[in-house]
Each structure stands twice: as structure tokens, then as C-alpha cells.
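A short worksheet on the structure shown next.
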Amino acid sequence: MRRTGHRLRWTIAATAAAAAAFGTMAAAAPAGAADTRTSTAGISSVPLSPELEAIRAAEATKLYGDPAERPLADRRTGLISLGDSEISGEGVGTYEPPTNGPTNWCHRSPDAAIHRTGIPADLTFNVSCSGAYSGNIRIGGSKQYADELVQSDNLAIKARNTRIKMVLLVAGANDDLQFGPVMTDCVTRYLTLQGPCEPKYAPGWQARVDALVPKVEQTVRDLKTVMRDAGYADSDYKLVVMGYPSPIGPDFQDNPNFPGKLSCGGLGYDSDTVWGRNTAVPAFERGMRRAAANTGAVYLDNSRLFHGHEVCMEDPWARGLYIDLSKPGTPDENSVRQSFHPNARGHAAFASCLTQIYGSGLREASCADVDSSGKPTLFPYAWDDVYKPLKNGATGNCADVEAASSKNGTAVFGWDCHGGRNQGWWYDSGRGTFHTQLTQDRCLDVPGARYQAGTAVIVWNCSGAANQKFVRDGATIRPKAATGLCLTQAAAKEPLRLQSCDGSANQRFV
């Protein structure tokens with residue numbers, strides 16, 4: 001909902017005087033101050049500053065015909081998203097005025113996820129803003145643009161005028177991580193032949209993640225305070241912290257229609273895309289998961305949501321490098337800000353995952369498109385907890401995707417166990433598929449459905465086809481279509497092949 005002119009008219013002098021007297025008070029009462037909640041007609045909320053109260057009253061008038069603050073039960077229901085470009089709609093390409101420049105670059109899209117969920121609600125509010133960091137969201141924070149409110153102040157107003165059912169927070173990338181500038185530098189280094197960016201950023205990446213976690217935690221606590229001061233119990237709504245998916249990966253060469261990096265905008269060194277998918281994004285995800293756990297927020301792990309849908313793939317859910325030259329004064333830093341962000345299909349995927357977790361009652365869940373159906377599925381755990389090694393009972397080797405490559409057709413060997421991502425496997429018992437930890441989009445596969453002794457297994461784009469379905473029978477792994485064959489490692493550091501089941505230790509994987 002966009003603000004309209006105030007029907008409750010304040011003179012400029014009165015507003016200036018009130019601002020001087022009260023500052024830009026956030027919804028929370030100052031630490032140690034007496035509780036000044038009002039409680040009339042079932043309402044119990046901390047009074048807002050005159051500036052915010054004027055905005056609230058004007059919005060209430062637009063919604064209900066008068067400025068009164070209503071009891072929760074008498075309000076329209078609402079959903080609200082706060083945070084940065086990942087959830088504002090940056091990258092979609094269509095934006096609500098005045099957030100498409102030249103003085104406001106929040107880039108809020110009408111196609112943003114919060115507007116597209118299946119969660120029943122009368123109203124949806126997107127107050128997130130491209131480029132926001134935690135200081136633009138927290139209580140007492142700073143405005144990002146002159147015509148913007150601090151995001152927690154926006155929440156305070158919406159929470160008093162509607163019955164908020166879900167608060168969505170997607171933030172952290174613009175704090176210590178500086179994800180946008182890092183991505184820009186990686187692309188620049190590629191275009192100017194300076195070499196990969198991984199050696200530059202990898203050594204300090206975990207330290208950046210560790211530094212941003214307490215800032216995200218305090219942001220979550222502030223949003224809870226805002227809601228309590230608006231009269232809500234913690235159980236009256238869901239506060240969801242959503243992680244960030246990897247927008248780009250190294251498997252674009254498997255796209256049968258790959259047009260070249262320049263055409264699809266996947267500019268960058270291949271080694272950097274591997275580092276981003278396998279190291280940088282997972283480290284960020286673990287930090288966000290920790291922040292949610294420490295603050296009691298619901299956590300949605302979508303770090304693997306775009307696997308198989310990255311930039312330059314067949315059905316991309318993210319936009320590649322994009323240069324907008326339509327604005328006066330371009331090119332400048334705002335010309336490329338839409339790059340490497342979720343597109344409209346990506347926001348549809350977010351919306352699906354949010355709908356599923358809202359109705360699940362789960363405190364933590366993961367979401368991904370595990371069979372290339374284009375429809376994300378929610379799972380009742382975080383991805384970090386489900387990937388395990390498959391250790392052979394005879395050789396002691398672990399099932400290993402050769403050279404940590406997720407390219408279609410890559411062989412699977414037994415190799416010395418080292419705990420790397422190419423030795424982690426998740427068995428989706430519902431679908432009967434084994435996924436490599438490298439990417440949610442690559443599954444253990446019997447090539448050509450050749451169910452015969454000696455066939456070596458590979459990894460291939462997950463499709464849900466019969467030749468990717470296996471049965472775990474005790475410690476054995478058998479193709480569902482040929483259960484008389486077992487996955488076998490004949491000797492140390494040998495490929496994994498199908499052989500007739502004989503009960504030997506070489507056919508046991510634990």
C-alpha cells in the first residue's frame with residue numbers, strides 16, 4: 001500500500017516542533033522508561049511519535065474511513081516484508097513509483113514475493129529497499145532516502161492499522177558481507193582480465209559472516225519489540241527470516257541452449273561461480289540460520305532454491321548482468337544494480353516457499369526444486385543437516401563425485417573420505433533419489449537406464465526419471481527398476497558400478 005496525502009492535516013510548523021521535541025522516535029519505549037501503553041477498546045500499544053502517528057492516522061483513514069486505531073480483531077489482515085534488494089523486487093524489471101530513481105532506488109516491484117503468496121491476507125506491504133543494511137531497518141536507524149521511513153517505523157505503523165500475520169525479513173548481505181560490491185568486483189575482474197576474485201575474498205569471508213550475524217540478530221529482536229509495542233504477543237504472527245539463494249553456478253554449460261556468457265549475463269570466471277555456490281553462499285546461509293535460531297525466528301533455508309535455475313540455465317530464476325541506460329546520467333552505479341537478483345520467476349519461487357512454511361508450523365525448513373519440475377518443495381529441516389557421506393563397508397572409501405564437478409555425466413568413485421561437498425549425499429526417501437551436496441540439481445543416475453552388471457553410475461540433472469530412483473535396502477543401494485542389482489565398489493578408488501547383489505561388504509554403504 002502506498003501512502004496518500006494526509007486527511008489529518010498537520011501544519012509544517014507543528015510537525016517541525018513535534019520532531020524537535022520527540023526526534024524520530026521508533027515504536028519502542030526508551031530503555032528504562034515507564035510503560036505508557038494505551039489500552040482502549042481492546043487496544044494496547046505504545047504511542048507513536050507525532051510524526052509517525054500522523055502517517056498512521058492518514059493510512060487508517062484511507063483504509064477504514066477514520067483515523068482511529070482499532071482492536072486487532074476489527075482490522076484487515078496483512079503481510080509485510082522488510083529487508084534489502086533480495087526481497088524488494090530488484091531484478092524483476094517493473095517497479096513501483098517513486099522507487100525507480102532518480103532520487104529513490106528502492107526498486108520495489110509489484111511482482112515481489114510478499115504480494116504473490118497463497119497466505120490469506122487482505123493487504124500486503126513491501127517496505128524493503130534495495131541497498132538496505134541493518135541500520136536502515138532497526139529501531140532508531142537511519143532513513144535510506146529522504147522520502148523513506150526507517151523500515152521498523154513502517155512496520156510500527158502497519159502493525160497498528162492492520163492485523164499482521166507474517167513479518168518477513170531478508171537482510172544481512174549489505175552489512176559486513178557487502179555482497180553486491182563483491183559481485184560487481186568479480187564481474188569487473190573478469191571483464192578486465194584481472195583474474196578470479198576468489199583469492200581476494202575467500203580468506204576473510206567467514207569473518208565477514210561472523211561479524212554480520214549479531215547485527216541481523218539485533219534486527220530481529222528490534223522487529224519483535226516493534227510488534228510487542230504495537231500490542232502483539234509473539235504468538236500472534238510469524239516472523240520469518242529467509243536466506244539467500246545462489247544466483248549463479250558453474251553448470252550453465254549443460255544448458256542445451258546456452259547462448260554464451262555475454263548473451264545471458266553470466267559474466268565471471270568459472271572458478272568464482274564454483275566458490276560462490278559451494279562456499280560463499282553456504283557460509284552466509286549458516287550465519288543466517290544461526291541468527292534465526294538465536295532469536296527464535298522461523299528460518300527458511302532457500303540457499304539451494306535456485307540450483308538448476310541459476311543465471312544462464314534453461315529456466316533461470318535470477319537475472320544476469322544487466323545494464324540499464326534508460327535514466328539520465330547513466331551509466332553509473334545504479335545502471336547495474338538489477339544484476340544477479342531474482343527475476344519474477346524467482347519471486348514466484350520465494351512466494352511458494354513462504355506459503356508452504358507459513359502453513360507448516362515448522363520453526364525451520366528448506367525449500368528447493370528437487371526434480372526440475374519448476375515447483376519448489378518444502379522440507380522439514382535445514383540442508384546442512386541432511387547431507388551425509390556414503391562409506392563403503394569393504395574399502396572404507398566414500399562415494400565421491402569426481403573432481404568436485406557437478407557437470408552432467410561426471411563419474412562417481414570411491415575415494416578417501418575427507419568431508420568435502422562432493423562426498424555429501426542426501427537421500428530423498430519420498431522420491432527415491434540421491435542428490436550430491438554440490439548442487440540440489442544433480443542426482444545419482446544409471447546412464448541410459450542400462451540395468452546390467454558393470455554399469456558405472458554418474459551424476460546428472462535431476463529429472464525424477466526412473467533411472468534416478470534407488471531403494472535403500474538395509475545398507476545396500478539398489479535401482480528401483482532392478483532391485484537384483486546393487487551399487488558396488490570392487491576395490492579402493494574404483495568407480496561405483498552396478499553388480500548382482502551378493503551380500504558382500506563391497507555392496508554396503510553406511
Side-chain angles (χ1 to χ4, degrees), residues 83-95 99-102 104-109 111-113 128-133 144 170-174 177-194 196-198 200-201 244-252 255 258-277 280-281 284 302-303 305-307 309-327 329-350:
D84 56 32
S85 58
E86 191 69 17
I87 201 63
S88 72
E90 181 77 270
V92 172
T94 54
Y95 306 108
T99 69
N100 191 24
N104 181 325
W105 293 98
C106 282
H107 270 174
R108 297 191 187 106
S109 175
D111 289 320
S128 56
C129 185
S130 179
Y133 81 111
Q144 202 167 343
V170 184
N174 296 319
L177 210 61
Q178 291 293 293
F179 207 94
V182 170
M183 287 288 293
T184 300
D185 187 41
C186 292
V187 172
T188 301
R189 293 176 67 86
Y190 174 78
L191 292 173
T192 55
L193 307 178
Q194 296 181 55
C197 64
E198 176 191 0
K200 178 179 178 180
Y201 294 107
Y244 296 67
S246 178
I248 191 167
D251 296 326
F252 47 82
N255 178 359
F258 175 55
K261 288 185 177 183
L262 185 61
S263 295
C264 58
L267 300 183
Y269 289 95
D270 289 359
S271 61
D272 287 339
T273 67
V274 172
W275 175 69
R277 185 195 66 182
V281 169
F284 188 21
N302 61 6
S303 58
L305 180 59
F306 287 8
H307 284 188
H309 296 285
E310 298 102 329
V311 172
C312 294
M313 297 295 279
E314 297 97 309
D315 178 22
W317 290 356
R319 193 172 206 171
L321 180 66
Y322 177 82
I323 304 174
D324 182 3
L325 300 178
S326 64
K327 301 290 189 297
T330 56
D332 59 12
E333 63 179 6
N334 292 311
S335 304
V336 296
R337 65 186 305 132
Q338 298 183 61
S339 306
F340 304 107
H341 284 87
N343 58 24
R345 292 188 296 279
H347 276 272
F350 286 165

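Since the model is a prediction, treat every value here as computed from it, not as a measurement. Each residue takes its place number in the sequence, starting with 1.
For the atom pair CZ of Phe258 and OG of Ser263, the computed distance is 8.5 Å after rounding to the nearest 0.5 Å. Distance check: Asn302 CG to His307 NE2 gives 10.5 Å after rounding to the nearest 0.5 Å. Atoms CG and OG1, on Leu267 and Thr273 in that order, are 12.0 Å from each other to the nearest 0.5 Å. In this structure, CZ on Arg189 lies 11.5 Å from CD on Glu198, to the nearest 0.5 angstrom. Distance check, rounded to the nearest 0.5 Å: OG1 of Thr188 to CG of Leu193 gives 12.0 Å. Taking SG of Cys186 as the start and CG of Leu191 as the end, the distance is 11.5 Å to the nearest 0.5 Å.
Residue Ile87 comes nearest to Ala113 through the heavy atom pair CD1-CB, 4.0 Å, listed as atom of the first residue, atom of the second, then distance. Across every non-hydrogen atom of Ser109 and Val92, the tightest pair is OG-CG1, 3.4 Å. Ser130 approaches Gln144 most closely through the heavy-atom pair O-NE2, 2.8 Å. The two residues Ala112 and Ser88 come nearest to each other via the heavy atoms CB-O, 3.7 Å. For the residue pair Phe340 and Met183, the shortest heavy atom distance occurs at CG-CE, 3.4 Å. Of all non-hydrogen atoms in Trp317 and Leu305, the two that sit nearest each other are CZ3-O, 3.5 Å.
Of the N and O atoms on the side chains of Glu90 and Ser85, not one donor lies less than 3.5 Å from an acceptor on the other residue.
At least one donor-acceptor pair closer than 3.5 Å links the side chain of Arg108 to the backbone N or O of Ser128. A donor-acceptor distance shorter than 3.5 angstrom exists from the side chain of Ser339 to the backbone of Tyr322, with no hydrogens or angles considered. Side-chain atoms of Asn343 come within 3.5 Å of backbone N or O of Pro316 as a donor-acceptor pair. In terms of modelled atom types and a separation under 3.5 Å, the side chain of Tyr133 and the main chain of Gly131 share no donor-acceptor contact. Remark: side-chain polar atoms of Asn174 are paired, donor with acceptor, to backbone N or O of Ala132 under 3.5 angstrom.
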Starting from the C-alpha separation in whole Å, work towards a yes-or-no answer on side-chain hydrogen bond (donor to acceptor under 3.5 Å, both in side chains) for Tyr190 and Asp272.
CA-CA 10 Å; Tyr190 174 78; Asp272 287 339; over 6 Å; no
Would you sort out whether Arg345 and His309 count as a side-chain contact (heavy atoms from CB on, under 4.5 Å), showing the intermediate values?
CA-CA 10 Å; Arg345 292 188 296 279; His309 296 285; over 6 Å; no
Give the intermediate values and the outcome of side-chain hydrogen bond (donor to acceptor under 3.5 Å, both in side chains) for residues Tyr244 and Asp84.
CA-CA 11 Å; Tyr244 296 67; Asp84 56 32; 2.4 Å; yes
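Close placement of the Phe350 and His347 rings is indicated, their centers lying within 6.0 Å of each other.
Side-chain contact between Glu86 and Pro342 is present, with heavy atoms from C-beta onward closer than 4.5 Å.
Partner Phe252 forms a side-chain contact (heavy atoms from CB on, under 4.5 Å) with one of Glu310, Lys261, Glu314 and no other, that one being Lys261.
Considering only residues two or more places apart in sequence or on other chains, Arg319 meets the salt bridge (Lys or Arg N to Asp or Glu O under 4.0 Å) condition with none of them.
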